[in-house]
Amino acid sequence: LFEVVDAVRSGRVEVAVLPCENILAGRVPDIHMLLPDIGLAIVGEVFLPIELHLVAPHGWSLDEITRVHSHPVALKQVQRFLDAHGLSPVAESNTATAAALIKQRGDRRAAAVASSLAAETYGLAILKRNIEDIPFNLTRFYVLAAEPVIPPPEQQDIMTSLLFEVADTPGALFRAVGGFADNGINLTRLESYLVGGQFVATRFLCEFEGHPDVPEVRRALEALTAQTTRQTVLGVYPMHAIGSRVRARSRQPSRPDGLRKGLS
């Protein structure tokens, strides 16, 4: 992860694409904790359907497996499968690394949760396909660059990500975000950080629909500024097409299969 970020900072690559949220597992902790000091700008987002498979060397069977290696977020996405088969999860740095380790170690009691590309790359067989807990598994990714690329205010379907800090006083957070509701701005994400080694959440990651230079958003941010001690804009960027549909559907009652139809 740090090598990817450093590659963008140094100019060796133009952008990094890093996962930030999964529909099953929630936020990706590594990226969440890195954001305040990442030193990069969010210039876009990508939503991708995620298919996870149980992979192991050719000739092995599911009956032999007792533990499964993968990234912690991937393991959360297949929890039902693991529980149903009595398999113990083992955390690795990423899914591709897990697949490589399974190939290298040759322990017939171990398998990996990984993509079909990882299985092909490391010469592994797919013992069980699509073991994710729901069939419309989605992961959201940030596109990160060294410098911000801010779209014009008149462009539609814009997301803004920012960090802010409030005083540790009663009602501070309520007053800080109240301006979004007052101005009809859809707040899509609000997550806290513990700051200064204390169990007190005063720093928050906030994401909302809208451009900071649009009048109603500007008014909401003015209300936020009045209640905060610090603000940092992480990015102003276009919504991904799938993300736009997912957010629109989340505001409407629908059947469980509604999301799947919206992605087709």
Side-chain angles (χ1 to χ4, degrees), residues 1 5 8-9 15-16 18-22 25-47 140-153 155-240 243-244 246-247 250-251:
L1 177 59
V5 172
V8 181
R9 289 172 176 166
V15 298
L18 298 176
C20 57
E21 295 179 286
N22 174 263
R27 72 185 182 191
V28 178
D30 297 348
I31 306 304
H32 179 75
M33 297 309 298
L34 189 61
L35 277 178
D37 302 307
I38 199 168
L40 301 176
I42 303 173
V43 298
E45 65 172 6
V46 178
F47 282 74
R140 180 184 178 222
F141 296 78
Y142 287 136
V143 181
L144 297 150
E147 299 294 335
V149 180
I150 300 177
Q155 185 170 331
Q156 299 298 309
D157 293 334
I158 297 297
M159 289 293 296
T160 298
S161 300
L162 62 84
L163 292 167
F164 68 85
E165 295 183 15
V166 297
D168 181 24
T169 57
L173 178 60
F174 174 79
R175 292 190 296 272
V177 300
F180 292 101
D182 293 341
N183 289 279
I185 305 302
N186 190 31
L187 194 64
T188 62
R189 189 176 186 187
L190 183 64
E191 297 189 2
S192 63
Y193 294 85
L194 299 181
V195 180
Q198 302 181 31
F199 286 101
V200 176
T202 57
R203 178 185 294 164
F204 296 87
L205 168 64
C206 168
E207 294 187 337
F208 57 87
E209 298 179 14
H211 195 292
D213 291 337
V214 172
E216 57 269 26
V217 176
R218 190 182 303 118
R219 291 192 296 269
L221 292 177
E222 289 172 355
L224 181 71
T225 300
Q227 301 296 331
T228 58
T229 58
R230 182 181 178 185
Q231 285 187 40
T232 303
V233 175
L234 299 175
V236 181
Y237 49 94
M239 291 185 195
H240 188 255
S244 179
V246 168
R247 293 181 180 110
S250 70
R251 295 191 290 270

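Heavy-atom basis, side chains included; hydrogens, waters and symmetry copies ignored. Treat the numbers as computed from the prediction; the structure is a model and nothing was measured.
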Exercise for the section: Indicate the atoms forming the closest heavy-atom contact of Arg175 with Thr169, along with that distance. Expected result: NH2-OG1, 4.1 Å
Completion exercise
One should read off an interatomic distance between Leu187 CG and Phe208 CZ, to the nearest 0.5 angstrom, of 8.5 Å
Problem - Spacing of Thr232 atom OG1 and Phe164 atom CZ [to the nearest 0.5 Å] - result: 11.5 Å
Exercise for the section: With sequence neighbours excluded, tell me which residues meet salt bridge (Lys or Arg N to Asp or Glu O under 4.0 Å) with Glu165. Expected result: Arg203, Arg230
Handout entry: Check: Val143 and Leu18 side chains under 4.5 Å, non-hydrogen atoms
Key = no
Handout entry: is_close_aromatic(Phe204, Tyr193), centroid dist under 6.0 Å
Key = no
Practice task
May I ask you to test the Gln231-Leu163 pair for a side-chain heavy-atom distance under 4.5 Å?
Solution key: no
Problem - Distance-minimising heavy-atom pair for Glu207 and Ser161 - result: OE2-OG, 2.7 Å
Handout entry: Those residues that, when tested against Glu191, pass salt bridge (Lys or Arg N to Asp or Glu O under 4.0 Å) (two or more places apart)
Key = Arg27, Arg189
Handout entry: Qualifying residues under salt bridge (Lys or Arg N to Asp or Glu O under 4.0 Å), relative to Arg219, sequence neighbours excluded
Key = none
Problem - Side-chain heavy atoms of Val15 within contact of Leu144, under 4.5 Å - result: no
Practice task
Check whether any side-chain heavy atom of Val177 lies under 4.5 Å from a side-chain heavy atom of Leu190, and answer yes or no.
Solution key: yes
